[in-house]
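The block underneath contains the structure these notes are about, expressed in structure tokens.
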Amino acid sequence: MGKKSRPIKNIVLAYFIFGILWILFSDILAGYMINDLNFYQSFQSIKGIIFIFVTGIFLYFLLKTNLKEITEKEQKLYQQAYFDNLTSLPNKRSLYHDLSNKIENSQKNRIQFTFAVFYLDLSDIDNLTEIRGYTHGSDLIKKIAKTLKNDICNHHDCKLYSYNYNKFILVYNNPGKNIVYQEEANKIIDKINNLWNKDEIDYFIDLKIGISTYPDSGRDVETLISASQLAASKCDSGNKGFQIYNHYLFLDKLELENLKRDLRTAIKKEEFELYYQPKIRCSDHKICGLEALIRWQHPDRGMISPYKFIKLAEETGLIIDIGDWVLEQGFKQLLKWQQKYKGQIGLSVNLSPMELYDQQKINKIKKLQQQYQIKKDLLEFEITENVMLDNRGNPLQILQQLKRLGFSIALDDFGIGYSSFSYLSRLPIDTLKIDKSFIDKLNDEKNMILIDSIIDLSHKMKLKVVAEGIETAEQLKTMKDLNCDQIQGYYFYKPLPLSELEEILEEEFKISKMV
Ligand code: C2E
Ligand code: MG
Ligand code: MG
């Protein structure tokens, strides 16, 4: 705490007591000492004047010290309210205040006034703070603030604000056309890079700059700032970069937000449907299994690809409910096929990594198994290797439990991402699915050698190999020559709605019976 405020009440009380004592005793004393009435009257007048004089001086000093204290307090409050503690830069409130004034001036005076808002996102510093502690992170913030202020603001008509701990805003006055923004953004990036190059910081900071302009990107403070934030969020992660706001960014975001909203109610409104894509055995070209692939029939947008909405579902956590729905439908359908085709047809269901972080998943699967009593070897779960890239939960444990329960596991999309061979031994899998991206490059000799080795290695590890995305007879022949076990792709079948699939299955198994 700073200087303690003076106890004004005590001073006033002391003055009051002193005043009363002075009046009482000075009158009694004067009565004893002065006999001359005229002199007594003059003495009383002088005494009154002295009293007023002393009171005046007293009040003057009292007010002076108090006013000083009040001013100091006001300044302190102002500092706290309008400036950032850590960097001493003007803060968010100052920014809103200044921008509102600018906009108001421009609208009042009807002048074509432009300015640009540069949102500098250094969220990456949070990682540094987690590793090295708060002091290290905040020292770095101070260093960056100083660099931006000295090397950028002192040379341009711009002002730097601290927006949030690791976020800054630079407001450029009348910067002109986009080309100027780009130059400025590159200058900022260079300055931050230089800090790193000069060893002043030993941690490479990911900087994202989003730029919005008045009046093009928005005509009020909130809109301008959120436009710059949105632009920053569109910079490629892992890169220092900048993005200038345009209306399409907003529309994309709006579309995503609308989709997220609709996704929440899609299960209840029964807008999801399972399609099934047959898997073909290479040896006799017969259907040997099916993969369940979800479809979203949006009332306004039509069919939406899972490539688009599964990611959204993962971001919002809705994947847990969607995954549960898929599983329940899968079990239900599999039971019908089990009864009809006497266990000749199995089903694969995709599991998102997030579902494997759900501790309840195993219990839910056990419950479904008890309810539907399907033959366990008919159900396979498809996972991707990125289940291992996250440190949430214990996906490996869940996979092992699934195996112990008797279900099969397939590693999907092998060939994209890390495609680490070590996963083949670490994950408790039965099947390896080679991704379409490998199949698309079958003409490339090196790629062929790689696929040949993958299949060979998988077989040695007693894994079944499925090739995904086979579209041509040539691809089919090559994969058969390479000893692949099963094929999935448009060459045979696209994912089909249940009604179409039923016809195909009936035909297929009728023929099989006849043979
Ligand atoms: P995936 O599991 O690798 O499924 C294969 C995808 O490749 C499917 O796309 C399928 O339609 C497509 N495909 C199959 N053969 C061909 C071909 O010959 N050519 C081409 N161009 N594409 C082919 P789809 O149905 O759009 O699903 C995309 C991804 O969405 C799936 O990839 C899977 O990762 C995810 N997904 C689909 N359904 C579910 C689900 O129920 N749960 C979860 N968690 N993910 C799902
Ligand atoms: Mg799959
Ligand atoms: Mg796949």
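All ligand and atom numbering here is 1-based and tracks the order in the structure. No experiment lies behind these values; they were computed from the predicted model shown.
Heavy atoms only, all atoms of each residue included: Leu274 and Ala292 are closest at CD1-CB, 4.1 Å. Closest approach of Leu334 and Gly346 over heavy atoms only: CD1-C, 4.3 Å. When all heavy atoms are compared, the tightest approach of Leu327 to Lys361 is CD2-CE, 3.9 Å. Taking each heavy atom of Tyr341 and Leu505 in turn, the nearest pair found is OH-CB, 3.5 Å.
For the pairing with Leu356, the side-chain contact (heavy atoms from CB on, under 4.5 Å) check across Ile398, Ile362, Asn394, Leu396 returns one residue only, Ile398.
Of all protein heavy atoms, the one closest to atom 24 (P) of ligand 1 is Pro306 CG, 3.7 Å. Looking from atom 5 (C) of ligand 1 to the surrounding protein, the closest heavy atom is Glu468 OE2, 3.9 Å. Looking only at heavy atoms of the protein, atom 23 (C) of ligand 1 is closest to Tyr490 CE2, 3.3 Å. When only non-hydrogen protein atoms are considered, atom 32 (O) of ligand 1 lies nearest to Tyr307 OH, 4.1 Å. Distance from atom 39 (C) of ligand 1 to its nearest protein heavy atom, with residue and atom name: Ile294 CG2, 3.6 Å. Looking only at heavy atoms of the protein, atom 15 (N) of ligand 1 is closest to Gln277 NE2, 3.1 Å. The protein heavy-atom contact nearest to atom 1 (P) of ligand 1 is Asp412 OD2, 3.6 Å.
Closest heavy-atom approach to atom 37 (C) of ligand 1 within the set Leu293, Leu274, Asp440: this belongs to Leu293. Remark: among candidates Gln329, Lys494, Met354, Glu471, the nearest residue to atom 19 (N) of ligand 1 is Glu471, based on non-hydrogen atoms. Looking at Val349, Asp435, Asn350 and measuring to atom 46 (C) of ligand 1, the nearest heavy atom belongs to Asn350.
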- Task: Show your reasoning for whether side chain to side chain donor-acceptor pair (under 3.5 Å) applies to Lys279 and Ser348.
- Result: CA-CA 10 Å; Lys279 281 189 268 183; Ser348 305; 2.7 Å; yes

- Would Tyr372 and Gln338 count as a side chain to side chain donor-acceptor pair (under 3.5 Å) if you check the C-alpha gap in whole Å, the side-chain angles of each, and the deciding distance to 0.1 Å? CA-CA 11 Å; Tyr372 292 99; Gln338 182 174 282; over 6 Å; no

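Between Tyr214 and Tyr172, a ring centre-to-centre spacing not shorter than 6.0 Å is recorded. Two rings, from Tyr276 and Trp337, have their centers less than 6.0 Å apart. The ring of Phe381 has its center closer than 6.0 angstrom to the ring center of Phe407.
Distances below 4.0 Å separate heavy atoms of Asp413 from the following atoms of ligand 1: 3 (O). The Ser352 neighbourhood of ligand 1 comprises atoms 44 (N), with distances under 4.0 Å to a heavy atom of that residue. Close contacts between ligand 1 and Val326 involve ligand atoms 41 (O) [criterion: under 4.0 Å to a heavy atom]. Residue-ligand proximity, Gly489 to ligand 1, at heavy-atom distances under 4.0 Å covers atoms 15 (N), 18 (O). Listed by number with element, the atoms of ligand 1 under 4.0 angstrom from any heavy atom of Lys436 are 19 (N), 20 (C), 21 (N). Against a heavy-atom cut-off of under 4.0 Å, Gly469 is close to the following atoms of ligand 1: 15 (N), 16 (C), 17 (C), 18 (O).
The shortest N or O to N or O distance between Tyr491 and ligand 1 is not below 3.5 Å.
Close to ligand 1: Pro495, with a non-hydrogen atom less than 4.0 angstrom away. The shortest separation from a heavy atom of Arg295 to ligand 1 is under 4.0 Å, placing the residue in contact.
The Mg ion (ligand 3) is the vertex of the angle joining OD1 of Asp413 and OD1 of Asp412, which measures 90° to the nearest 10°.
Closest to the Mg ion (ligand 2) among the N, O or S atoms of Glu291 is OE2. Looking only at its N/O/S atoms, Glu382 has OE1 as the one nearest to the Mg ion (ligand 2).
Taking the six-membered ring for Trp and thresholds of 30 and 60 degrees, His285 and Phe492 have ring planes more than 60 degrees apart, a perpendicular arrangement. Between Phe272 and Trp325, the ring planes are tilted. Angles from 30° to 60° get that label.
Counting only distance, with no hydrogens or angles, the side chain of Lys464 and the backbone of Asp485 share no donor-acceptor pair below 3.5 Å. At least one donor-acceptor pair under 3.5 Å links the side chain of Asp220 to the backbone N or O of Thr223.
For Ser348, every N, O or S atom stays at 2.8 Å or more from the Mg ion (ligand 2). Using a cut-off of 2.8 Å, one finds that Glu468 contributes no N/O/S atom close to the Mg ion (ligand 2).
Geometric assessment of Lys494 against the ring of Tyr490 yields a positive cation-pi assignment under the 6.0 Å and 45° thresholds.
Counting heavy atoms under 4.0 Å from ligand 1, residue Lys433 does not touch it at all.
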